Amino acid sequence: MCGIVGYIGKKNCSSFLLDALEKLEYRGYDSAGIAVYNDHKINLIKKKGRISVLRNAVEEDENFDTDDSPFKVGIAHTRWATHGKPSDVNAHPFIGPSGKIAILHNGIIENYIELKKSLKRRNVKFASQTDSEVACALIDTLYDGDFFKAVKDAVNLLEGAFSLCIICADYPNMMIGVKKDTPLIVGYGENENYIASDISAFIGKTKKFCRLGECEIALFKDDSVNFYDFNGKKIKKDVITVDWNIKSSSKDGFDCFTMKEIMEQPSAVRDTITPHIKNSGIDIPELNSLPDDINKIYIVACGSAYHVGALVKYSFEKIAKITTIVDLASEFRYRSPVIDEHTLVIIISQSGETADSLAALRESKNRGAKTLAVVNVVGSSIAAEADYVIYTWAGPEIGVATTKALSAQLSIMYLVVLYISKKRGVISDLAMKKYIQNLLTLPDYILQMLECKDKVFEISKRYMDRDNIFFIGRGIDYAVCREGSLKFKELSYLHSEAYAAGELKHGTISLVEDGTLVIAVLTDKKLFEKTLSNICEVQARGASCFAVVREDKVSEFDVGVDDIITIPKVPSIFLPSLSVIPLQFFAYYSALLHERDIDKPRNLAKSVTVE
Ligand code: F6R
């Protein structure tokens, strides 16, 4: 969703800001803008559309970066519309009525209507339909020459979720960042400092960061940064180091990030599991203090991360023999889940910032449950607030549709299953040893699985005219189908549905007709014959079938399907890590053939920081 970036330092400010905005492009946006202090005033440009449109406008404008004051300061933003349609006027930054205050905002200000009414009574005029302009006008009206005080007083009047970044024409050496409920990160450079909504904006500039906590203010002055709470009391913050390199945030020869990230899955899995396997055993020090009396697991997440939960539920039940409930964070947070101090709530999230997942985490803590965050972004809000945190080491994921982060999440969750199984005393040493040996070879199997790429491209070409596809499977294969169908929809913009194969005949089979494409996943040995019968049923009604089948079952595949991709033999709990790959390729190539914007599918955002 919206991206914020701010710069204070001695270099060319607008060029830093525009480059950083491009690094945040993957979050999803519909307009962009920039405000830079220059020659005693704030210069502003904002444009609907791509950052390249903004860059051209800035490059043609003589009022950017001509200033010779020792420190240059500026802020820039990519907007993903919530209040008011995408347009130049609704884009950020906003400048207050006095022309002195410029702000950027991420989040939603819930009391903006009330504030707007009261500001209008004081003759403040508004040009946009946004809640953000109201926050700007509020700071501006409270400003009486003390920049910090105006911001501090204003944020205490705002309700809802907001990250703000603010500059003032009277303070060419200052910038202020504010965080409540949506992320904001400070980056420390050499004689310059930065602020942004995520660390991708600074990759290649610094590895040193500080994440603003709830209701905190960062005050940048010259080359220093100090932190305060909303009462203006100074607070101390730790600096964290994140070792993400430039290569991991560049396309590195690929046409797009999504394909690069699909191909990076072996290393994402290897980097995630290796630190936790020591002396042929599992080592998860992050869970050392997990109590012994956990008797229920809730896995709560959104989108693909939720599918990871749905996939590992089978292993928690089968191997760790523990009741496991998987829930969508957006549903969980408004229900009355039966959880207590004996429940472990696992929140899975790539970004660590998903608003619903964060709210579900808070709800779980309020209800006394123990909480474990499985996240990819170091120091993210979900990581900061959970009782226990385990990181996936997929590196930055830029493609909006998750691929390598999902594989990393799955692999770390296998380890958590085994860890809890051992803690509960329900797994033999021998079984444990075998699982670990197999898990260590999983990255090689994933690498082997990636070889199906070209074959899936050919298959995708044959079915590119189909606009309604069913993904069917049973058990864990059904969970894989749900992920395959989501990936297909979000990348190709075509309709598909995942169905538990046994459920089809209870209604949906009426949609199957000549030419319907059914993609069947059959990796569960026990359920093989059952799903095979379901394939026969859809074929009898004219459907074409593309099957993803385990290698050792292909010979029994006597029903005859149109296309087959085989999966190497690995223990059943690890099979989803392989069977998901042809489905990722199918989604990717279907999108490519329909000329979609694969890295940035329409209407989607990488980090969903609003409800
Ligand atoms: C799908 C996808 C989304 C995310 C979901 C959760 O490809 O990427 O469904 O999985 O928005 O995001 P995180 O994992 O950041 O909480």
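As the structure is a prediction and not an experimental result, all values here were calculated from the model. Whatever order the structure lists ligands and atoms in, that order sets their numbers, starting from 1.
Taking only nitrogen or oxygen atoms, main chain and side chain alike, Lys487 reaches within less than 3.5 Å of ligand 1. At a 3.5 angstrom cut-off on N or O pairs, Gln409 does not count as close to ligand 1.
If you number the atoms of ligand 1 from 1 as listed, the ones under 4.0 Å from a heavy atom of Val400 come out as 8 (O). For ligand 1 and Ala401, the ligand atoms under 4.0 Å from any heavy atom of the residue are 7 (O). Listed by number with element, the atoms of ligand 1 under 4.0 Å from a non-hydrogen atom of Glu490 are 1 (C), 7 (O). Listed by number with element, the atoms of ligand 1 under 4.0 angstrom from any heavy atom of Ala305 are 10 (O), 14 (O).
When hydrogens are left out, the protein atom nearest atom 10 (O) of ligand 1 is Ser304 N, 3.1 Å; that is the closest non-hydrogen contact. For atom 11 (O) of ligand 1, the closest non-hydrogen atom of the protein is Val608 CG2, 4.2 Å. When hydrogens are left out, the protein atom nearest atom 15 (O) of ligand 1 is Ser351 OG, 2.7 Å; that is the closest non-hydrogen contact. Looking only at heavy atoms of the protein, atom 14 (O) of ligand 1 is closest to Gln350 N, 2.6 Å.
For Asp30, the side-chain contact (heavy atoms from CB on, under 4.5 Å) criterion is met by Arg79, Ala81, Pro86, not counting sequence neighbours.
The residue from Val308, Asn376, Thr402 that puts a heavy atom closest to atom 8 (O) of ligand 1 is Thr402. Which of Ala355, Ser357, Cys302 comes nearest to atom 5 (C) of ligand 1 through a heavy atom is settled by distance: it is Cys302. Counting heavy atoms only, Thr354 comes closest to atom 16 (O) of ligand 1 of the residues Leu604, Thr354, Leu406.
A donor and an acceptor atom, one from each side chain of Lys487 and Ser304, are located under 3.5 Å apart. Judged purely by distance below 3.5 Å, without hydrogens or angles, the side chains of Tyr314 and Asp524 never pair a donor atom with an acceptor atom.
Proximity of the aromatic rings of Phe546 and Tyr463 is defined here by a centroid distance below 6.0 angstrom, and this criterion is not met.
Contact check for Val338 versus Lys296: side-chain heavy atoms found under the 4.5 Å cut-off. Side-chain contact check for Ile277 versus Leu415: some heavy-atom pair is nearer than 4.5 Å.
The side-chain tip of Lys453 does not point at the ring of Phe457 from less than 6.0 angstrom away and within 45° of straight on.
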Which pairs of donor and acceptor atoms, one on a side chain in residues 583-596, lie under 3.5 Å apart (sequence neighbours left out)?
unit_1 : atom_1 : unit_2 : atom_2 : d
Gln584 : OE1    : Gln265 : NE2    : 2.8
Gln584 : NE2    : Gln265 : OE1    : 3.2
Ser590 : OG     : Phe586 : O      : 2.6
His594 : ND1    : Ser590 : O      : 2.9
His594 : NE2    : Met464 : O      : 3.1
Arg596 : NE     : Ser492 : O      : 2.7
Arg596 : NH1    : His594 : O      : 3.4
Arg596 : NH2    : Ser492 : O      : 3.1

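Contacts of Glu353 with ligand 1, taken as heavy-atom pairs under 4.0 Å, are absent altogether.
A salt bridge links Glu264 with Lys260: the closest approach of a Lys/Arg side-chain nitrogen to an acidic carboxylate oxygen falls below 4.0 angstrom.
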